Amino acid sequence: VNYNKKPIYNIIIENSYDRLAEELKALGAENRKICIVTDSNAGSLYSQEVADVLKGISDQVVIFTFEAGEENKTLDTVRGLYEFLIMSRFDRKDILVALGGGVTGDLTGFAAATYLRGIDFIQLPTTLLSQVDSSIGGKTGVDFDSYKNMVGAFHQPRLVYMNISTLNTLNPRQYFSGMGEILKHGLIKDEHYFEWLIENMVEIYEKDPEILEEMIYRSCVIKGRVVEEDPEEKGERALLNFGHTIGHAIEKYMDFKLLHGECVALGSVAAAYISWKRGYLKEDEFLEIRDMFVGFRLPVSMESISLDEIINTVKLDKKMDRGQIRFILLKSIGNAFIDKTVTDDELREATGYLCREI
Ligand code: NAD
Ligand code: ZN
């Protein structure tokens with residue numbers, strides 16, 4: 001990935017951690033201190049293996065583990081990490097390694113962006129969502145009080161290395177949550193990819209390694225290209241918010257009991273619904289999209305919710321642009337655009353659709 005002003009970094013997709021030491025060596029990471037930052041789940045499964053690999057290039061490898069869960073993506077956890085780094089005498093040339101899902105990646109990236117005004121970090125994402133989404137693009141941060149991702153920084157990793165065999169230990173609900181973002185990638189940018197996902201549904205269910213590799217690769221290319229053109233979200237990057245405007249509102253409304261990708265699925269169906277009602281999508285295309293989410297065990301309907309509350313939350317969302325919601329709609333499957341004219345009535349009808357019996 002080549003970000004205009006930033007150095008190029010590699011995104012490696014592998015089936016093991018065998019090539020990790022070699023990749024780090026190529027970055028000049030030898031004999032620098034390395035801190036593996038991980039949560040209690042990913043850590044208990046993989047931190048020892050990763051530490052053993054890294055000990056091949058550095059004799060100063062330490063591990064910082066925090067309790068798993070979004071509720072720990074906080075400044076308190078970052079504070080604990082700063083203390084650990086100071087105690088371990090980490091300086092400007094040392095390295096953080098994020099080993100885990102999006103929570104770990106966001107938190108580690110933020111600590112790396114701020115510790116001593118910025119040190120190197122690499123991403124070893126272990127959830128499907130973090131492999132195709134959060135580990136790429138350089139957005140880092142933590143939650144603050146009840147505000148998600150309220151405090152953060154743009155800080156690009158030096159390397160993203162994914163071992164896709166780690167997906168075998170992920171629980172099915174988490175796995176399919178990641179599919180929510182993957183389907184979004186096809187919908188906003190690549191019709192052929194969307195069709196390919198339908199054709200390979202069985203292999204994706206079975207986690208066929210070759211299909212997973214191709215899927216993760218294609219999703220990373222889509223996310224990478226969008227971010228490359230617009231690293232700080234001044235325009236084009238907003239397309240990645242497809243399904244997220246209503247999705248985030250539902251996520252909050254449900255008090256985070258639904259997973260992120262599940263809310264993205266609901267939000268995507270609502271956005272596709274508006275695209276259909278406006279005459280951009282044909283009815284059968286809209287239904288194909290809806291059924292695609294069902295096929296990947298994602299929700300497309302929910303119990304009744306307060307439409308007013310959802311709409312108010314949407315309006316408070318940071319995607320507002322001078323009072324107008326920046327909403328992402330589909331011109332066709334594979335072709336999304338930013339629209340600032342979505343009305344309250346359209347939001348109400350689309351959200352209402354999600355609460356219908358289907
Ligand atoms: P997560 O990091 O909480 O991981 C989900 C669960 O899976 C956790 O319990 C974790 O411990 C566990 N886990 C991780 N890897 C595992 C493995 N291989 N086997 C078994 N269990 C494993 O959540 P997530 O869904 O990966 O990421 C969500 C976070 O990502 C949110 O905080 C969201 O804000 C953030 N995010 C960031 C960006 C970005 O651009 N920075 C984009 C999307 C999402
Ligand atoms: Zn998302």
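None of these values were measured; they are calculated from a predicted model. Counting starts at 1 for both ligands and their atoms, following the listed order. Because only heavy atoms are used, hydrogens play no part in the values below, and waters and symmetry mates are left out as well, while side chains stay in.
Residue Phe242 is grouped with residue Leu183 when hydrophobic side chains (ILVMFWY) are merged at heavy-atom distances under 4.5 angstrom, including chains of intermediate members. The hydrophobic clustering, which links ILVMFWY residues whose side-chain heavy atoms are closer than 4.5 Å, places Tyr161 and Ile36 together. Hydrophobic clustering places Met215 together with Ile188 (ILVMFWY residues linked when any side-chain heavy atoms are closer than 4.5 Å, directly or through intermediates).
Here the shortest heavy-atom distance to atom 23 (O) of ligand 1, taken over Gly102, Gly69, Ala42, belongs to Gly102. Checking Thr126, Asp106, Leu259, Leu167 against atom 37 (C) of ligand 1, the nearest heavy atom belongs to Asp106.
Here is the list of ligand 1 atoms found below 4.0 Å of a heavy atom in Leu45: 19 (N), 20 (C). Each of the following atoms of ligand 1 lies closer than 4.0 Å to a heavy atom of Ala68: 11 (O). Interface of Thr169 with ligand 1, defined as ligand atoms under 4.0 Å from a residue heavy atom, comprises 17 (C), 18 (N), 19 (N), 20 (C). Heavy-atom proximity to Glu70, at under 4.0 Å, picks out these atoms of ligand 1: 31 (C), 32 (O). Which parts of ligand 1 touch Gln174 is read off a 4.0 Å heavy-atom cut-off, strictly below it: atoms 5 (C), 6 (C). For ligand 1, the atoms sitting less than 4.0 Å from at least one non-hydrogen atom of Thr166 are 17 (C), 18 (N), numbered in the order shown with element in parentheses. Taking every heavy atom of Tyr46 and a limit of under 4.0 angstrom, the matching atoms of ligand 1 come to 18 (N). Close contacts between ligand 1 and Asp39 involve ligand atoms 10 (C), 11 (O) [criterion: under 4.0 Å to a heavy atom].
Two residues are said to be in side-chain contact when any heavy atoms from C-beta on lie closer than 4.5 Å; Glu71 and Phe256 fail this criterion. Between Phe110 and Val151 there is a side-chain heavy-atom pair separated by less than 4.5 Å. The closest side-chain heavy-atom distance from Val314 to His248 is not below 4.5 Å.
With hydrogens and angles disregarded, a donor-acceptor distance shorter than 3.5 Å links the side chain of Glu285 to the backbone of Lys282. Without hydrogens or angle criteria, Thr126 side chain to Thr166 main chain gives no donor-acceptor distance under 3.5 Å. A side-chain donor-acceptor contact under 3.5 Å links Thr114 to the backbone of Ala111. Between the side chain of Ser165 and the backbone N or O of Asn15 there is at least one donor-acceptor pair closer than 3.5 Å. Thr127 contributes no side-chain N or O that, together with a main-chain N or O of Gly101, makes up a donor-acceptor pair within less than 3.5 Å. Of the possible polar contacts, one joining the Asp190 side chain to the His192 backbone as a donor-acceptor pair under 3.5 Å is found. At distances below 3.5 Å, at least one donor-acceptor pair connects side-chain atoms of Lys33 with backbone N or O atoms of Arg89.
Residue contacts with ligand 1, taken as heavy atom pairs separated by less than 4.0 Å, involve Asn149 solely via side-chain atoms from C-beta onward. Contacts between Glu181 and ligand 1, counted as non-hydrogen atom pairs separated by less than 4.0 Å, are absent for every part of the residue. Neither the backbone nor the side chain of Ile136 comes within 4.0 Å of ligand 1, counting heavy atoms alone. By the criterion of a heavy-atom distance under 4.0 Å, both the backbone and the side chain of Leu170 are placed next to ligand 1. Contact annotation for Lys223 and ligand 1: only side-chain heavy atoms (C-beta onward) come within less than 4.0 Å of the ligand. Using a 4.0 Å cut-off between heavy atoms, Ser134 contacts ligand 1 through both its backbone and its side chain.
Looking from atom 9 (O) of ligand 1 to the surrounding protein, the closest heavy atom is Asn41 ND2, 3.0 Å. Of the protein's heavy atoms, Asp133 OD2, 3.6 Å lies nearest to atom 43 (C) of ligand 1. Closest to atom 14 (C) of ligand 1, if we only count protein heavy atoms, is Thr127 CG2, 3.3 Å. Closest protein heavy atom to atom 1 (P) of ligand 1: Val103 CG2, 3.9 Å. The protein heavy-atom contact nearest to atom 28 (C) of ligand 1 is Leu129 CD2, 3.8 Å.
For Lys148, the heavy-atom gap to ligand 1 drops under 4.0 angstrom. In this structure, His260 does not count as a contact residue of ligand 1, since none of its heavy atoms falls inside 4.0 Å of the ligand.
Protein N/O/S atoms closer than 2.8 Å to the Zn ion (ligand 2), listed by chain and residue number, are Glu181 OE2, His244 NE2, His260 NE2.
Ring geometry for Tyr205 against Phe296 counts as parallel: the plane angle stays under 30°, on a 0 to 90° scale with 60° as the upper cut. Using bins of under 30°, 30° to 60° and over 60° for the plane-to-plane angle, the ring pair Tyr46/Tyr17 lands in the perpendicular bin.
Taking the centre and axis of the six-membered ring of Phe337, the NZ or CZ atom of Lys331 falls inside the cone set by 45° and 6.0 Å.
For the side-chain contact (heavy atoms from CB on, under 4.5 Å) with Leu187, the lone residue among Asn335, Ile182, Ile333 that qualifies is Ile333.
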